[in-house]
Amino acid sequence: MNRLKLIYPGTIIVGIVAYVFTVGIAFVTKGFVIGVLSASLPIISNMYWVYSFWNETGTVYTLYINIHLALAVMILLCLLVQQIIKRFP
């Protein structure tokens, strides 16, 4: 049985949601050029926007930070399960 059957698709879906959310925030707050830049540099722009909004209050900012925290936990979980599978096939 593949232990990653549910973890991988969930991580990919949350990653896509985080990416679209990041690009949307960049377009709305800073305009077209920054939006395109954020779309072309997804990991760097996600880290930048999470850092920028870490102390902000509001439902959208809290949701944005929580999505990225969930994504980080899911990525770490995928890496952990992969290591477990390698050691104990």
Side-chain angles (χ1 to χ4, degrees):
M1 181 178 161
N2 188 357
R3 297 176 204 156
L4 296 173
K5 194 179 278 188
L6 293 175
I7 297 172
Y8 274 148
T11 304
I12 291 170
I13 291 169
V14 172
I16 291 170
V17 168
Y19 172 75
V20 170
F21 208 173
T22 298
V23 173
I25 285 176
F27 271 109
V28 169
T29 58
K30 297 292 183 177
F32 181 77
V33 174
I34 300 299
V36 170
L37 188 62
S38 291
S40 63
L41 301 168
I43 295 172
I44 295 169
S45 65
N46 282 5
M47 291 186 326
Y48 169 77
W49 289 107
V50 166
Y51 179 76
S52 294
F53 293 139
W54 187 261
N55 290 326
E56 295 290 330
T57 57
T59 306
V60 174
Y61 301 126
T62 304
L63 179 64
Y64 181 75
I65 298 297
N66 288 338
I67 287 171
H68 281 82
L69 290 176
L71 180 61
V73 168
M74 292 174 82
I75 290 170
L76 290 175
L77 184 62
C78 284
L79 294 173
L80 177 67
V81 170
Q82 279 183 343
Q83 292 301 314
I84 291 171
I85 289 172
K86 283 182 185 178
R87 294 183 191 257
F88 305 105

Quiz item: Do V50 and V14 belong to the same hydrophobic cluster, where Ile, Leu, Val, Met, Phe, Trp and Tyr are linked whenever their side-chain heavy atoms lie under 4.5 Å apart, directly or via other members?
Solution: yes
Quiz item: How many angstroms lie between CD1 in I34 and CD1 in I25, if you round to the nearest 0.5 Å?
Solution: 14.0 Å
Quiz item: Measuring from I67:CD1 to M74:CE, what's the distance to the nearest 0.5 Å?
Solution: 11.5 Å
Exercise. Give the minimum heavy-atom separation between S38 and Y19, together with the two atoms involved.
Key: O-CE1, 4.4 Å
Quiz prompt | Minimum heavy-atom distance between T11 and L71, given as atom pair plus value | solution = O-CD1, 3.7 Å
Self-check item: Distance-minimising heavy-atom pair for F27 and V36
Solution: CZ-N, 3.9 Å
Quiz item: Would you find more than 12 non-hydrogen atoms of other residues, nucleotides or ligands less than 6.0 Å from I43 atom CD1?
Solution: no
Quiz item: Rounded to the nearest 0.5 Å, how far does OH of Y8 lie from CG of L77?
Solution: 10.5 Å
Quiz item: Is it true that F32 and V23 fall in one hydrophobic cluster, defined by side-chain heavy atoms closer than 4.5 Å?
Solution: yes
Quiz item: Between atom OH of Y48 and atom CD1 of I44, what is the distance when rounded to the nearest 0.5 Å?
Solution: 13.0 Å
Quiz item: Do T22 and Y64 have side-chain atoms, one donor and one acceptor, less than 3.5 Å apart?
Solution: yes
Quiz item: Are M47 and I75 linked, directly or through other ILVMFWY residues, by side chains that come within less than 4.5 angstrom of each other?
Solution: no
Quiz item: What about V17 and Y61, same hydrophobic cluster or not, with Ile/Leu/Val/Met/Phe/Trp/Tyr joined at side-chain heavy-atom distances under 4.5 Å?
Solution: yes
Quiz prompt | Rounded distance [0.5 Å steps], OG1 in T59 versus CG in L63 | solution = 8.5 Å
Practice problem: Determine, stepwise, if the pair K30 / W49 fulfils side chain to side chain contact (heavy atoms under 4.5 Å, CB included). | Solution: CA-CA 11 Å; K30 297 292 183 177; W49 289 107; 3.5 Å; yes
Exercise. Work out which heavy atom in A39 is nearest to a heavy atom in P42; give both atom names and the distance.
Key: O-CD, 4.1 Å
